Amino acid sequence: MVGQGVLRECLLAPGVEKVLSIGRSRTGRQHPKLREIVHQNIADLGPIEDQLRGYDACFFTLGVSSFGMKEADYRRVTYDLTLGAAQSLARLNPGMTFVYVSGLGTDSAGTGTTMWARVKGETENALLRLPFKAAYMFRPGFIQPLHGVKSKTALYRIPYAVLGPFNALFLKIFPKFATTTEVLGRAMIKAARQGAPKPVLESQDINAL
């Protein structure tokens with residue numbers, strides 16, 4: 001869902017010259033700026049490295065719900081996969097800004113009892129140590145989908161559909177814990193272009209960019 005949102009904003013932004021989407025399936029979008037690479041093993045970008053040089057930013061929005069997952073499996077998808085891709089990009093593009101979409105409640109100390117929060121925190125810390133020009137960890141809470149954006153995760157699609165009429169109201173009542181796909185996408189682009197005041201940004205920081 002976040003990936004769809006930031007892709008839309010990148011394609012609309014006049015200052016973005018080209019967009020490369022890497023994923024296990026195509027986005028379904030067509031645009032003169034957009035080029036897509038379908039690659040099954042995101043943790044190993046070696047086979048496509050020759051196509052990854054010369055980019056200013058990476059918006060890493062890949063992720064899964066931890067619901068029903070064992071820690072080892074969740075860690076493999078969240079930590080191992082993300083770091084595998086990020087390490088390759090840092091080596092190929094040392095001038096790159098890396099923006100990672102994490103989540104509200106992430107445990108930076110890595111000592112909590114909530115599995116997903118601890119693994120996300122370890123992932124954030126490892127990314128911040130990589131030799132990028134800059135790295136920002138975005139921790140949105142509730143995200144209101146706009147402009148036809150829909151979550152690919154069935155677990156999320158149902159409550160979004162049921163609560164649809166109340167999404168905008170939730171955003172107004174709890175601005176510190178909520179944002180939209182449009183605001184989030186634009187904030188990611190702004191962080192890549194101009195930087196952000198701190199490396200870890202919660203919803204209220206995202207909305208303020």
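The structure presented is a predicted model; accordingly, all values stated were derived computationally and were not measured. Values reported hereafter were calculated over all heavy atoms of this structure, with side chains retained and with hydrogens, waters and symmetry mates removed.
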Residue pairs passing the salt bridge (Lys or Arg N to Asp or Glu O under 4.0 Å) test where at least one lies in [range], sequence neighbours excluded:
range: residues 36-52; answer: E49-R91
range: residues 108-118; answer: E71-R118
range: residues 58-68; answer: none
range: residues 54-65; answer: none

Go through the structure and list residues passing side-chain contact (heavy atoms from CB on, under 4.5 Å) with [X], not counting sequence neighbours.
X: K133; result: T97
X: R186; result: E9, E182
X: R35; result: L20, I37, Q51, Y55

Return yes if some donor-acceptor pair links the side-chain N/O of [X] with the main-chain N/O of [Y] below 3.5 Å, else return no.
X: T106; Y: G103; answer: yes
X: D73; Y: M69; answer: no
X: D107; Y: G110; answer: yes

Quiz prompt | Contacts of R29 that satisfy salt bridge (charged side-chain N to carboxylate O under 4.0 Å, His left out) - sequence neighbours left out | solution = none
Practice problem: Name all residues meeting the salt bridge (charged side-chain N to carboxylate O under 4.0 Å, His left out) criterion together with R193; count only those two or more places apart in sequence or in a different chain, and write none if there are none. | Solution: none
Quiz item: Going by atom types only, do S108 and R139 share a side-chain donor-acceptor pair under 3.5 Å?
Solution: yes
Quiz item: Does F98 have any ring-ring contact (aromatic ring centres under 6.0 Å, His included) partners at least two apart in sequence or in another chain, and if so, which?
Solution: F60, F132
Self-check item: Pairing residues for D205 by the side chain to side chain donor-acceptor pair (under 3.5 Å) criterion, not counting sequence neighbours
Solution: K198
Quiz item: What pairs with T82 under side chain to side chain donor-acceptor pair (under 3.5 Å), at least two apart in sequence or on another chain?
Solution: none
